[in-house]
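Note sheet for the following structure.
Naming convention: chains lettered A, B, ... in sequence-line order (proteins, then strands); numbering from 1 in each chain. What you are looking at is a predicted structure, and each value in this text was computed from that prediction instead of being measured.
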Number of protein chains: 2
Amino acid sequence: MAERKRADARRNERTLLDAAAEAFVTSGVHVPVREVAARAGVGVGTIYRHFPTRADLIVAVYRHQVEACAEAGPTLLATGLSPHAALARWIDMFVDFLVTKHGLAEALQGDATFASLHAYFLDRLVPVCGQLLAAAAEAGEIVSDMDPLTLMRGVGNLCVGADSPGYDARRMVALVVAGLRIDRV
Amino acid sequence: MAERKRADARRNERTLLDAAAEAFVTSGVHVPVREVAARAGVGVGTIYRHFPTRADLIVAVYRHQVEACAEAGPTLLATGLSPHAALARWIDMFVDFLVTKHGLAEALQGDATFASLHAYFLDRLVPVCGQLLAAAAEAGEIVSDMDPLTLMRGVGNLCVGADSPGYDARRMVALVVAGLRIDRV
DNA sequence: AACCATACGGAACCGTGTTCCGTTTACCAA
DNA sequence: TTGGTAAACGGAACACGGTTCCGTATGGTT
C-alpha cells in the first residue's frame, strides 16, 4: 500500500524542496525557515509538516548528492587507481561538495539542532570511507589504524569557513591525506 | 591618567570574570549570558556594560591562557628542540587549551557573533605560529609554503567536537603535523 | 548634606526555530 | 452535484538567546 497523499501535499513538498535548494544556493544553508516558506509561497507550518526539522529539509535537499558521493567510493576503487589515490580523489569529491554548499560544513557539526543531518551524512559516508581506508591500508600505502569516522568528521571540520579569505581548507585536507601515508615518520 | 572607575564597578568586573570562568567550566562556553549574570548576582545590563558582547567576555576569561600560549612559542624554539618538534609541541599546547574548554573551538569559528574572539586568537597566535613554521622550513624539516593563518584555523576547526565519542581531534592534528614534513610525497 | 556622573537591574526587543490550532480544501461517497 | 470528513494549510504565538534601553540607585566629591 503506497502512501496516499493529497495532491496539494505532494505538490507542496516538491515546491518546498525547489525553494529550499534555491534559497540554500543564494543565501546559504543557514537561510531562515521563514524565508524558505515565503519563497515557496507557503506558511511555515507547511514546512514543518513535511520536514519535522530544519535538518530534515537540508538532508532532503542534498540526499541525491550524498548518495552520489557514497556510490563514487566503490567506483573509484574499481578504476584501477591505487587505493590511496582513490581515497584522495574521493575525499576531494566530498570536500568539493561541502565547500560549494555555503554553510553546510558548519551545519554538519555537532550542533544538536542538526543532529539528523550529522547522522545521515555519517551513516551514509563513513562505511564508504572505511572501505577506501581498508583498501589503502591493505595495499600498504597508508597507516592501518585510521578510524573512518574520525577522518570524515575531521575533513568536514576542516571545510568550515572554507570560503573565508585567508583560509585554505583544501590545503589542510591535503596535509591530512599526506599524513596518512605510511612512509612518513 | 589611570582610568578611574567606581569601586562597585571594579568589584563587579572581577565577580563577573570569576562567575563566567566557573560557568564556562561547568556548562561550557555556550552558557547563556543570563546564567552568568545570575551566577554573579548581577543583572545582564551589568555584563554588557563591562563586556560589550559575549565574545569580549570570553576573550577576557581566556586572555591569560592565550598569552601564555603565545609566549610559549619563542620559548620552545629556544629549548634546543628541532624546530619541527617545537612546532609540534606548540600545536599540542594549543590543542590542549581548546579541547579542555568545552565549546571554545566552536566559538572560535567564523560565526559573526564571535568575531572579536576569533580576531583576538588569530591576531595573537598567528604570528607565533608563523615564527615556528619559518624556523622549521628554514631547517628544511617541513614544506616552506604553509600559511600560518590556514594552519591555525585548520587546527582550531579540527578541535570542534573534540569531546564527542568516536572523534579523535588529536589524531587529526597529528596527521596534519605529519603532513607538513618535507620528506613526504 | 547635597549633587550628579557613574553604574545598576531587569523588562523589553529582535531574530530564529518550533508548535498549535482555527480554517481551508482535496477526495470520496451518496 | 453535493456533502462530509480527514488531511493539509497559514500564520499567530511561544521558547530561547543575545542585546538594548531607561528609570533607579549609589559612590565619590564638594
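The side chain of B:H50 contributes an N or O atom lying less than 4.0 Å from OP1 or OP2 of C:dC8. For the OP1/OP2 pair of D:dC9 and a distance below 4.0 Å, the side-chain nitrogens and oxygens of A:N12 include at least one atom meeting the criterion. Contact check, B:T53 against D:dT19: a side-chain N or O comes under 4.0 Å of OP1 or OP2.
Using bins of under 30°, 30° to 60° and over 60° for the plane-to-plane angle, the ring pair A:F114/A:H30 lands in the tilted bin.
Within the model, atoms CG of A:L76 and CH2 of A:W90 stand 10.0 Å from one another, a figure rounded to the nearest 0.5 Å.
For the pair B:R11 and B:T113, nearest-nucleotide mapping onto DNA chain D gives the more 5' position to B:T113. Residue B:A9 is the one, among B:A9 and B:V44, whose nearest nucleotide of DNA chain C lies closer to the 5' end (criterion: closest heavy atom). Each of A:G43 and B:V33 was assigned the nucleotide of DNA chain D with the nearest heavy atom; the assignment lying further toward the 5' end belongs to A:G43.
Formation of a donor-acceptor pair under 3.5 Å by the A:T150 side chain with backbone atoms of B:A169 is not found in this model.
Side-chain to base pairing of A:R34 with C:dG15: no donor and acceptor N or O lie closer than 3.5 Å to each other. Donor-acceptor pairing under 3.5 Å, judged by distance alone, is present between the side chain of A:R6 and the base of C:dT25. With hydrogens and angles ignored, no donor-acceptor pair closer than 3.5 Å exists between the side chain of A:R49 and the base of C:dT19.
Salt bridge present: B:D145 and A:R171 bring a charged side-chain N and a carboxylate O closer than 4.0 Å.
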